[in-house]
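Only one structure is covered here, and it is reproduced in the block below.
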Amino acid sequence: MGIENLKTTLINPKTGATFTIKTPIIGASGTYGYVDEYEDFIDLNCLGAISTKGITLEKRPGNSGNRIFEVEGGMINRIGLENVGIQGFLMDKYPKLRQKKIDFLLNIAGSSTEDYERLAAIANEYEIKALEVNVSCPNVKQGCLEFGLNPNALFELTKKIRKNYDGFLIVKLSPNTQDIKPLATAVEQAGADCISAINTLRGLGVEVNKIGDKYIKKTVQGGLSGACIKPVALYMISQIKQVVKIPVIAMGGITKFQDLLEFMAVGADAFQIGTANFINPSICTNLAKELSEYIEKNGFKDFNEFKGALQND
Ligand SMILES: Cc1cc2nc3c(=O)[nH]c(=O)nc-3n(C[C@H](O)[C@H](O)[C@H](O)COP(=O)(O)O)c2cc1C
């Protein structure tokens, strides 16, 4: 049996803008590279798309020192947006993705509104089908305020990106907020076609070792991801779904088939898989196959019909 029953189209109900993917399973930004690293472990047909590592205008070396810290049920990372820069992406990574016919979301990040505007214009020029805007970055020009945590700033940013980009615009929300609803509303009102959520939660990893009669402390402060953040992600998705009509791509702690059902039940239209890829590089393929088989076994025509049934119950 194939996985044809997983084909799905994300639709902005207001404008009719669409993004069609072979399966609703997407490799999450920063955990999937540009597919090369995973090719030996996955059936590319099972992958709906990948979200690229966050791309900035200029290439970045990322943080030095310890960048990963394992915690119970997840990990903390402080990669610091190491990436090849937009020109590096266009010259090296983009041709390979096209050659392999892999759909992707170009995940972008910037430290000023102008950075995002320029990246959006470049994506438009290259007719990149889907853009995922990471707004969990500090706005350096406005005193390190995170774009994604202020509804007014997020509205203005999204509107400016929308003006420069005609493709399918996805804004990725941060969970590090008291109330995610005004942020979701701002993004929809500014013209985004879709929301993805959640990005990592702020966290601190601490390791204490006694060496001789001295206590040695190691700490890593960064973004928490993996199974341990799933309840937060489920809560955030359910909150977002209360206030917007545009589709939502859910992520945060998905590691097994049952998680897909839980996220669908609170309104997910597609999924991204992040940290779980580091534990099992075949996880995306396995999840797509399990979902496809489940849909067929339970007598549903396809993913959309199944989703409808689950969400209307
Ligand atoms: C090592 C690592 C690097 C990441 N880099 C990015 C990034 O560049 N841009 C982005 O939007 N999210 C990035 N993320 C966040 C993930 O895409 C995802 O939102 C988050 O990890 C939650 O999903 P998960 O629990 O399935 O990992 C990164 C996550 C990890 C673990």
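Whatever order the structure lists ligands and atoms in, that order sets their numbers, starting from 1.
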Between N83 and T56: side-chain donor-acceptor atoms closer than 3.5 Å: yes
Per atom 20 (C) of ligand 1, closest listed option by heavy atom (T200, I68, I283): T200
Trace of the side chain to side chain contact (heavy atoms under 4.5 Å, CB included) decision for F306 with N298: CA-CA 9 Å; F306 172 47; N298 287 279; over 6 Å; no
Joint hydrophobic cluster, I26 plus L234, side-chain heavy atoms closer than 4.5 Å: no
Where ligand 1 meets N134 - atom numbers and elements under 4.0 angstrom, heavy-atom basis: 9 (N), 10 (C), 11 (O)
Nearest neighbour in protein (non-hydrogen) for atom 15 (C) of ligand 1: N199 OD1, 3.5 Å
Polar side chain donor-acceptor pair, S111 to D115, under 3.5 angstrom: yes
Nitrogen or oxygen of T275 less than 3.5 angstrom from that of ligand 1: yes
Proximity of N77 to ligand 1 by residue part, where a heavy atom lies under 4.0 Å: side chain
Candidate list Y94, Y34, F168, test ring-ring contact (aromatic ring centres under 6.0 Å, His included), partner F104, passing option: Y94
K7 and D302 ion-paired at < 4.0 Å: no
Protein heavy atom at shortest distance from atom 14 (N) of ligand 1: S29 O, 3.2 Å
G54 neighbourhood, listing ligand 1 atoms whose heavy-atom distance to it stays under 4.0 Å: 7 (C), 8 (O)
Close approach, I198 and ligand 1, non-hydrogen under 4.0 angstrom: yes
CA sep, side-chain torsions, deciding dist, call: D103, K22, salt bridge (Lys or Arg N to Asp or Glu O under 4.0 Å): CA-CA 9 Å; D103 283 319; K22 290 195 293 277; 5.3 Å; no
Ligand 1 atoms in contact with L81 (distance to a heavy atom under 4.0 Å): 8 (O)
Any N/O pair Q272/ligand 1 closer than 3.5 Å: no
For atom 3 (C) of ligand 1, the protein heavy atom that lies nearest, with its residue and separation: G30 O, 3.5 Å
Element-labelled atoms of ligand 1 that are located less than 4.0 Å from some non-hydrogen atom of G252: 22 (C), 23 (O), 25 (O)
Polar contact flag, side-chain donor to acceptor under 3.5 angstrom, S292-N5: yes
Residue and atom name of the nearest protein heavy atom (relative to atom 26 (O) of ligand 1), distance in Å to one decimal: G274 N, 3.0 Å
Polar contact flag for A28 and ligand 1 (N/O pairs, less than 3.5 Å): no
Protein heavy atom at shortest distance from atom 5 (N) of ligand 1: K53 NZ, 3.0 Å
Trace of the side chain to side chain contact (heavy atoms under 4.5 Å, CB included) decision for F19 with D193: CA-CA 9 Å; F19 182 56; D193 298 309; over 6 Å; no
Element-labelled atoms of ligand 1 that are located less than 4.0 Å from some non-hydrogen atom of G253: 24 (P), 25 (O), 26 (O)
Ring center gap for F89 and Y126 short of 6.0 angstrom: no
Distance-only side-chain donor-acceptor flag, S225 / T275, under 3.5 Å: yes
For atom 21 (O) of ligand 1, the protein heavy atom that lies nearest, with its residue and separation: S225 CB, 3.2 Å
Which residue and heavy atom of the protein sit nearest atom 12 (N) of ligand 1, plus the separation: K172 NZ, 3.0 Å
